[in-house]
Amino acid sequence: MADLPDHSFETALVSQLSQPVTRLLGRPLHFFDTIDSTNTSAARLAREDAAEGTVVIADAQTGGKGRLGRSWVSPPGVNLYLSVILRPRKPASAAPQLSLLASVAVAETIVQQTQLVPSIKWPNDVLVSGKKVCGILTEMQANGPQLRSVIVGIGVNINAPLASFPEELQDRASSLFLMRGEPVDRAAFAVSLLTHLEKLYVLWLEKGFPVVGAAWEGYASELLGKSITVTVPEGIISGTVHGIDRDGALLVESVSPEGQARPSPRVQRILAGDVTVVDGYRKTDPVN
Ligand code: BT5
């Protein structure tokens with residue numbers, strides 16, 4: 001017999017959002033038992049002029065999307081798949097800052113809801129004990145140089161058991177449940193995430209990126225000063241991480257190739273790419 005959909009997640013979400021916990025985000029909220037991708041659904045709603053703050057949440061995704069055409073494993077009943085429509089009056093070049101902002105919101109929520117110690121890997125993977133528990137996919141629609149809408153899509157592995165990850169991900173991915181040893185309330189996590197996201201978004205609109213960037217660097221301390229390689233569309237860059245700049249670009253100091261008469265360090269700004277830490281992230285969490 002097919003499993004009947006479990007409506008307790010939706011009921012708890014609707015009930016908690018009936019309180020004035022947020023002013024903007026989750027108003028309205030669209031909930032689906034199963035959807036292809038919450039980002040695709042939110043983008044469709046945004047094109048139909050849905051209001052800023054509209055949120056799409058699904059219990060399961062059949063076509064969860066990662067960056068660069070990759071996919072996001074999205075089993076039912078255990079995790080959070082959420083997309084928010086934002087309409088900041090900012091240039092299109094500011095959109096990547098929202099990915100960094102969202103990763104800070106996720107990290108703050110993990111601390112508040114689980115007491116685990118999260119870290120952020122540039123640009124926006126959230127890890128616990130070196131394993132990926134959250135991915136963020138930001139997609140934008142622009143009117144010339146101005147943003148029309150940004151879809152911030154967030155997937156958090158909340159109560160996923162190890163067996164729900166394909167074998168090739170089992171040593172790289174994890175869930176908050178697996179790290180903490182007890183289940184996490186999905187609805188409370190989702191509502192807390194929306195409140196943290198809203199607080200940071202308002203701060204970003206009022207004060208710009210530097211405040212958010214400072215919070216981001218606080219969670220990215222495991223990356224600062226590390227030797228990394230970054231895969232960018234043009235090739236691979238190796239160097240040492242200096243931090244991020246006031247626009248959210250990663251600053252990597254690289255030494256010009258060996259064999260050159262006088263190797264000279266230079267700092268490169270990287271706007272998009274995949275980071276690999278040469279010696280890897282730490283494997284143990286100081287809390288446990
Ligand atoms: C991401 O891409 O990490 C962005 C993931 C965004 C997912 C959310 S869910 C709600 C919203 N709706 C969507 O359709 N998407 C967003 P990327 O950095 O490209 O990482 C993708 C890679 O992470 C995959 O190629 C796998 O190696 C790995 N991966 C896939 N599923 C995973 C999972 N559930 N947990 C951890 N790692 C995973």
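Computation of the quantities below employed the complete heavy-atom set of this structure, encompassing side-chain atoms and omitting hydrogens, waters and symmetry-equivalent molecules. Indexing begins at 1, ligand by ligand and atom by atom, following the structure's order.
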What is the nearest protein non-hydrogen atom to [atom], stated with its residue, atom name and distance?
atom	result
atom 38 (C) of ligand 1	W72 CZ3, 3.4 Å
atom 3 (O) of ligand 1	K132 NZ, 2.8 Å
atom 25 (O) of ligand 1	R70 CD, 3.4 Å
atom 36 (C) of ligand 1	A173 CB, 3.4 Å
atom 24 (C) of ligand 1	S71 O, 3.5 Å
atom 8 (C) of ligand 1	G155 N, 3.6 Å
atom 9 (S) of ligand 1	Q61 NE2, 3.4 Å
atom 17 (P) of ligand 1	R67 N, 3.6 Å

Taking 4.0 Å as the limit for heavy-atom contacts, which would you say applies to K65 with ligand 1: side chain only, backbone only, both, or neither?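 K65 to ligand 1: contacts from backbone and side chain alike.
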
Indicate, as side chain, backbone, both or neither, the part of S83 found under 4.0 angstrom from ligand 1 when only non-hydrogen atoms are considered.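 For S83, the contact with ligand 1 is made by the side chain alone.
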
Check each atom of ligand 1 against the heavy atoms of [X] and keep those under 4.0 Å away; list them by number with element.
X	value
G64	14 (O)
T38	10 (C), 11 (C), 12 (N)
L169	26 (C), 27 (O), 28 (C), 29 (N), 30 (C), 31 (N), 32 (C), 38 (C)
L82	10 (C)
N157	33 (C), 34 (N), 35 (N), 36 (C)

Does ligand 1 have any atom sitting under 4.0 Å from a heavy atom of A58?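 Outside the 4.0 Å threshold, so no.
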
Has R172 got any heavy atom lying under 4.0 angstrom from an atom of ligand 1?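 Flag set, R172 near ligand 1.
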
Could you note down all residue pairs passing side chain to side chain donor-acceptor pair (under 3.5 Å) where residues 146-170 supplies at least one of them, sequence neighbours left out?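 Residue pairs with at least one partner in residues 146-170: Q141-S149.
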
In this structure, are over 12 heavy atoms from other groups packed under 6.0 Å from R70 atom CZ?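 Enclosed.
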
Pick from T40, V56, I57, D59: which one makes a side chain to side chain contact (heavy atoms under 4.5 Å, CB included) with I35?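 So, applying the side chain to side chain contact (heavy atoms under 4.5 Å, CB included) to I35 and each of T40, V56, I57, D59, only V56 qualifies.
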
Looking at every heavy atom in both A95 and V150, which two are closest together, and how far apart are they?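 Taking A95 first and V150 second, the nearest heavy atoms are CB-CG2, 4.4 Å.
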
Considering non-hydrogen atoms only, spot the tightest contact between G26 and L194 and give its length.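 Result for this residue pair: CA-CD1, 4.4 Å.
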
Pair D125, R172 - check salt bridge (charged side-chain N to carboxylate O under 4.0 Å, His left out), show working. CA-CA 12 Å; D125 286 352; R172 288 187 281 133; over 6 Å; no

Would you tell me whether Q61 and W72 have side-chain atoms, one donor and one acceptor, within less than 3.5 Å of each other?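 The answer is no; no qualifying pair exists.
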
Whether the T231 and D274 side chains hold a donor-acceptor pair (N or O, under 3.5 Å, no angle test) is what I'd like checked.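 Result is no, nothing qualifies.
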
So does N39 get a backbone contact from the side chain of Y81, meaning a donor-acceptor N/O pair under 3.5 Å?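 Looks like no, no N/O pair under 3.5 Å.
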
Look only at the side chain of R186 and the backbone of F189, and say whether a donor-acceptor pair between them is shorter than 3.5 Å.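 No; judged by distance alone, with no hydrogens or angles, the pair does not exist.
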
Can you run down the salt bridge (charged side-chain N to carboxylate O under 4.0 Å, His left out) pairs that involve residues 191-210, sequence neighbours left out, and say none if there aren't any?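 Residue pairs with at least one partner in residues 191-210: E108-K199.
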
Give the single entry among D36, V73, I154 that approaches atom 34 (N) of ligand 1 most closely by any heavy atom.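 Heavy atom nearest to atom 34 (N) of ligand 1 belongs to V73.
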
